[in-house]
Amino acid sequence: MTLNSGQVFHWEKVGAGFCGTIGESAVYVEQLGNVLQTKMEGGVVRRRAQHQLFRKAPRPTTGATAGSRELAPPSVARVVARYFALDHPLEEICSSFPRDPIMNAARGFCRGLRIIRQPKWECLATFICSSMKQVTHIRQISRALRQRFGEKKEIGGDEVFSFPSPSRLAQTSENELRKCGLGYRAKNLLETAKVITSGQADLDSWSPLSDRKLRKQLCELPGVGMKVANCVMLFAFERIAAFPIDVWIERVLREKYFVRKRKVTGQMLADFAANYFGAHGGYAQQYLFHHARMTGKRKSQRSHSIDQFH
DNA sequence: CTCCAGGGATGAT
DNA sequence: ATCATCCATGGA
């Protein structure tokens with residue numbers, strides 16, 4: 001559910017799990033009940049990410065990695081556990097959501113969904129490409145950028161591609177980027193890649209900034225407005241109060257929280273969201289988004305992904 | 001075919 | 001501050 005909730009766009013369903021990349025590492029992940037299994041590029045099952053996906057504490061599965069002699073690559077399980085934010089206290093977070101019918105439905109529907117810790121540049125670049133695009137289109141763009149400009153990796157017989165660095169994309173041209181289906185977004189992605197490459201903007205150095213200052217810095221990048229900035233803050237800077245408002249969320253807010261009210265401006269929606277959904281508003285927003293998208297008007301559950309979650 | 005999508009930049013009220 | 005337009009692309 002997490003991988004299909006519109007946070008990341010490059011994971012591909014393979015067998016019972018997913019293939020993708022975390023940074024430069026090719027990874028296979030597969031959820032087995034309460035356990036998240038991982039494989040690395042060698043294709044060998046190395047470890048199981050220790051965690052509690054759900055409330056009930058699983059029996060400690062000690063000795064799951066019998067092959068102690070084979071030196072495991074630097075803690076795959078930890079990389080995976082961090083990426084999937086298995087340390088987030090889901091129980092606390094969900095309890096902090098407001099108790100209204102809409103939020104209750106979303107909370108129940110999205111049980112187990114987590115906000116992923118994404119690499120900053122990858123997240124920023126992908127969401128610059130996301131404007132006025134459907135999730136399936138964003139997946140296509142991500143795939144095209146990775147295949148053309150990323151580095152090929154292999155995992156369990158499947159090939160995956162890492163996301164191209166800022167300097168790699170800065171070396172391309174607007175025309176080359178347009179071939180990836182970017183349209184008018186190509187210029188924005190190219191210009192932002194150049195700004196990052198030149199050192200004029202340094203994403204990592206922005207981590208200590210306050211939410212307000214970080215948002216301001218992000219919005220100065222070409223192709224980054226309030227919505228994209230909030231997505232990057234939420235998905236890559238661990239600012240779980242950030243509340244991105246896209247067309248789906250705006251629809252939910254207007255139809256469910258501002259029923260039959262006219263002259264509701266975007267600023268009013270943003271102010272309401274910041275005050276109403278609380279310190280973990282970003283989590284609430286993601287739950288509302290995924291719930292609306294999966295159960296909304298658009299009949300999408302027909303041929304793809306019948307049910308890969310219970 | 002038409003409709004619309006995890007918007008942003010610009011210019012006019 | 002708020003609103004109107006335009007910007008490309010392709011799945012549904």
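Proteins come first, then strands; the chains are lettered A, B, ... in the order of their sequence lines, and each starts at number 1.
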Once you round it to whole Å, what is the distance between [atom2] of [N] and [atom1] of [X]?
X        : N      : atom1 : atom2 : value
A/Arg215 : B/dG8  : CZ    : C1'   : 16 Å
A/Glu191 : B/dG8  : CD    : C1'   : 15 Å
A/Lys179 : C/dG10 : NZ    : P     : 14 Å
A/Phe127 : B/dG8  : CZ    : C1'   : 15 Å
A/Leu218 : B/dG8  : CG    : P     : 12 Å

Within the 4.0 Å heavy-atom criterion, would you say [X] contacts the bases, only the backbone, or no part of the nucleic acid?
X        : value
A/Ser5   : base
A/Glu250 : nothing
A/Ile245 : nothing

**With A/Val224 via side chain to side chain contact (heavy atoms under 4.5 Å, CB included) - residues at least two apart** = A/Leu124, A/Ile128, A/Leu218, A/Leu221, A/Val228, A/Ala229
**Asked** What string of B, S and - do you get for nucleotides 2-9 of chain C, 5' to 3', if B is base contact, S is sugar-phosphate-only contact and - is no contact with any protein heavy atom under 4.0 Å?
**Response** S----BBB
**Item:** A/Val252 reachable from A/Met226 in the ILVMFWY side-chain graph, under 4.5 Å edges
**Value:** no
Using nucleotides 9-12 of chain B, report all nitrogen or oxygen pairs with the protein that are shorter than 3.5 Å.
residue	atom	partner	partner atom	Å
B/dA9	OP1	A/Gly223	N	3.2

**Asked** Just checking, any donor-acceptor pair under 3.5 angstrom between side chains of A/Glu151 and A/Ser162?
**Response** no
**Request:** Run through A/Asn230, A/Leu234, A/Leu253 and flag the one making a side chain to side chain contact (heavy atoms under 4.5 Å, CB included) with A/Phe243.
**Result:** A/Leu253
**Request:** Could you tell me if the ring centre of A/Phe127 sits under 6.0 Å from that of A/Phe9?
**Result:** yes
**Request:** Measure the acute angle between the ring planes of A/Phe277 and A/Phe272, then classify it against the limits of 30° and 60° as parallel, tilted or perpendicular.
**Result:** perpendicular
**Asked** Between A/Gln134 and B/dC4, does any side-chain N or O lie under 4.0 Å from OP1 or OP2?
**Response** no
**Request:** If C/dG11 has a Watson-Crick or G-U wobble mate with both distances under 3.5 Å, name it; if not, just say none.
**Result:** B/dC3
